[in-house]
Amino acid sequence: MLRIRDLKFNFNIWSVLSFIFISLIVLPNLNILINILNHPNENWNHIKEYLLKDYIFNSVILVIFTGIFTILIGVSLSWIISVYDFPFRRFFKWGLVLPLAIPPYIAAYTYNGLLNYTGVIQSFLRNNFHIRVNQKYFDVMSAQGAVFIFTMFLFPYVYIITKSFFEKQSASLIENGRVLGRSSLEIFLYVALPISRTAIVGGVSLVILEVLNDYGVVKYFGIPTFSTAIFKTWFAMGDIDSAIRLSASLMFMIFCILTLEKFLRGRKQFSYTTSKVRPISRIELKGSKKILAFTFCFSIFSLGFIIPTLQLIHWSLLTYRKILNTKFLTMISNSLIIALLSSGIIIILAVIIANNCRISKGPLSKIYSKIIVMGYSIPGAVIAIAVIVFFVALDNKLYWLYRMINDTSSKLVLSTSIVMLIFAYVIRFLAIGYNSIESGFEKVGKKFFEASRTLGMNITETFFKVDFKMIRHAILGGFLLVFVDILKELPLTLILRPFNFNTLATKSFEYANDEMIHEAAVSSLIIIIISVILIYFFYKIGDKEAT
Amino acid sequence: MFVEIRGLSFKYKNSKEETLKNFNLNIKKGETVSILGESGSGKSTILRLISGLEIPNSGIIKINNRLIVNDNTFVLPEKREIGMVFQDYALFPHMTVAQNIKFGLKKLSKKEKSKRLKEVLELVSLEKFEERYPYELSGGQQQRVALARALAPKPSLLLLDEPFSNLDATLQSKIRRELKKILNHTGITSIFVTHDKEDSRAIADKVVILKDGKIIQTGCPKNVLDNPLSGYVTEMLG
């Protein structure tokens, strides 16, 4: 029964704004779904007959193998780091997060340049030892190569989530296992792995979503997957209907993965509600085990960070004189401004919606957070189509308005502007900001909010005087994460940017795609340096919060 | 009657049973009423409904002849002029004692704010603590700050949620006496919720015993606590 009184209870500026923002996110995606109902054209039959199988096969192969390898590497590293003490452990603890600072598409062309015939390794072997290697083993531009790249640069997702789970949840269980006389390996297999299943599944599903979102690596390596297929159908064949159909198929696959994730996580939530976190007392490794642990961490760190970074530094030194000019500076400022602007917008939206969901007792708020999380699981290629179709339709509807303002206005105004790109970023990255802020609110709880209300402050006054100050770390943390993600983002930026608008990411990719790998190094390196610094700050904030 | 509650029912979204069933209560001006019950009896819910933090499924609440909630009306919590002391005090950790107390005085001028601050600090005997932060205070001091903060805007009604549950048992009788003194001094109408009959005996003018959202017995503490009507009350009172 709807009563006006209840509306008053739930009706405020926060709930109104949340409703508007969420509707704006849902509309373009609904549009995609409705388009599927149209009759398929001939082109689609061709795609279905000859190509679709390949797309599915390649995507599935990449997802499965990357999933397996990231679990192996991510979980073993998080276990070693949480349970053992060995030289440089403290450094590796956050150093192993750094591969995330290198976008996979940059890693892809860096490793290709490193390993191909003219690359530093083969040249060295050839010139010094007259060794000519079998090219088969050095060809990174293959499905195996893509799995390698995705694994080395996405495993931190599994590592971070599993590690924080080990640190927070398992101290007493692991120590119990030790007291009961089990060996470390047994404890790992029979205690740690089962209880951390939820964390591992959570981490690996992020990896899988990233793999399906990827456009840069598979395009550069020439592996036909859903992402590349959507772009090809759309731009090369000009067939937007089929592109939408492909998008829908991809979304169906993602839907299956998300369902599987839910199923795998199971009902078993092995988590304690106590807020007191007791660190695991770590075992100091000795002798060969010590060296082994160090070597393992160091090898992964080298492959995932040191080697590609050194290679990029080398190339940068070769080319920076040619590259650094005013155009390049414009590009840097483009990148920073759009990342700042979009992250700012995303964080403001995230705060408004998260605050509304926390306060509101209505049924909508639960749906809101589901929709936001869905946004992150939609691959860039699909969002790109949805957003373009939506904005072109919007421009058609608003043409009369443009004419009123400016007689000679062209028909496409919004869809040729930066607004469209920012809009797409919001759909894709809102979840990241939202999660950060939601967990900030959760930590604070509602009691301060309620105390403030009984002291005569309304929701908005309470937010600025009380809540904002208490969640400012969460706001900053969310902002940093979103900023880094937007700085690295490729597919959306590539398609939705206005004409002649270049960012560090798009320029790196264009250079690499034009076989100018050395020239791509400077812009890539800047992305990596900024990301490393911000990731470092993010962890500083986290440490501060913990103490 | 100063506080009039009639036919109040409430159900939390995710629970099947009503937390509160047809609850009625009248309170005279200046009276201190204690709601006594075990955890889960719905006693804190009553305070949340009166303060406007929850909205009842049905029922009427009037304070000083002003209708604050019925089937068609809902006055927002910030407009109710009801003071509340939370179970864990909910002192804003980023504000000093003075800032916490002044928080609810937004309508006053700067001068009036300082004057009122001095008054309530004196009332709870914490004159020297205004620049401290909550974490620099003992549990008993924190409670008095919370009380001072709730009283500062001169609310018409004061609600206290388990005011003694977070304090050392050895301090309880002393703090009960202090609270009783402060309430008497201000002459404020108040409702406090507790699970300890000694709290009720020491402070309340009237006791309401609540079980599963229903009133079982009500009356002056001496009568109720010494002559329990039902087996449950006897058992609960130990």
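Naming convention: chains lettered A, B, ... in sequence-line order (proteins, then strands); numbering from 1 in each chain. Since the structure is predicted, the reported quantities are computational estimates derived from the model, not experimental observations.
- Using a 4.5 Å cut-off between heavy atoms, B/Phe92 touches chain A through backbone and side chain atoms alike.
- Heavy atoms closer than 4.5 Å to chain A are found in the backbone of B/Asn70, but not in its side chain.
- There is no contact between B/Leu105 and chain A, counting heavy-atom distances below 4.5 Å.
- By the 6.0 Å contact criterion, OH on A/Tyr536 is open, its count of non-hydrogen atoms from other residues, nucleotides or ligands being 12 or less.
- Contact annotation for residues 452-460 of chain A against chain B (heavy-atom separation below 4.5 Å, listed by residue number): A/Ser452, A/Arg453, A/Thr454, A/Leu455, A/Gly456, A/Met457, A/Asn458, A/Ile459.
- Interface residue B/Arg48: only side-chain heavy atoms are found under 4.5 Å from chain A.
- To the nearest 0.5 Å, the span separating CD1 on A/Ile359 from CG on B/Leu53 amounts to 11.5 Å.
- Contact annotation for A/Lys446: neither backbone nor side-chain heavy atoms come within less than 4.5 Å of a heavy atom of chain B.
- With chain B as partner, the option from A/Lys447, A/Lys465, A/Glu461, A/Glu450 having the largest number of non-hydrogen pairs under 4.5 angstrom is A/Glu450.
- The parts of B/Glu54 that come within reach of chain A are both its backbone and its side chain, each placing non-hydrogen atoms under 4.5 angstrom from that chain.
- B/Val69 touches chain A through its side chain: at least one heavy atom from C-beta onward sits under 4.5 Å away, while N, CA, C and O do not.
- Pairing each heavy atom of B/Phe103 with each of A/Val466, the nearest pair is CZ-CG2, 3.5 Å.
- Annotation for B/Lys106: atom NZ counts as buried by contact number, over 12 foreign heavy atoms lying within 6.0 Å.
- Residue B/Glu127 places its CD atom among more than 12 non-hydrogen atoms of other residues, nucleotides or ligands, all under 6.0 Å distant.
- Atom NZ of B/Lys180 has more than 12 neighbouring heavy atoms from other residues, nucleotides or ligands inside a 6.0 Å radius.
- In this structure, chain A has a heavy atom under 4.5 Å from the backbone of B/Ile82, while its side chain stays farther away.
- The two residues B/Pro93 and A/Phe448 make their nearest non-hydrogen contact at CD-CE2, 3.6 Å.
- Annotation: maximal heavy-atom pairing with chain A below 4.5 Å, among B/Leu76, B/Leu91, B/Asp71, occurs at B/Asp71.
- Among B/Gln87, B/Lys107, B/Met84, B/His94, the residue making the largest number of heavy-atom pairs under 4.5 Å with chain A is B/His94.
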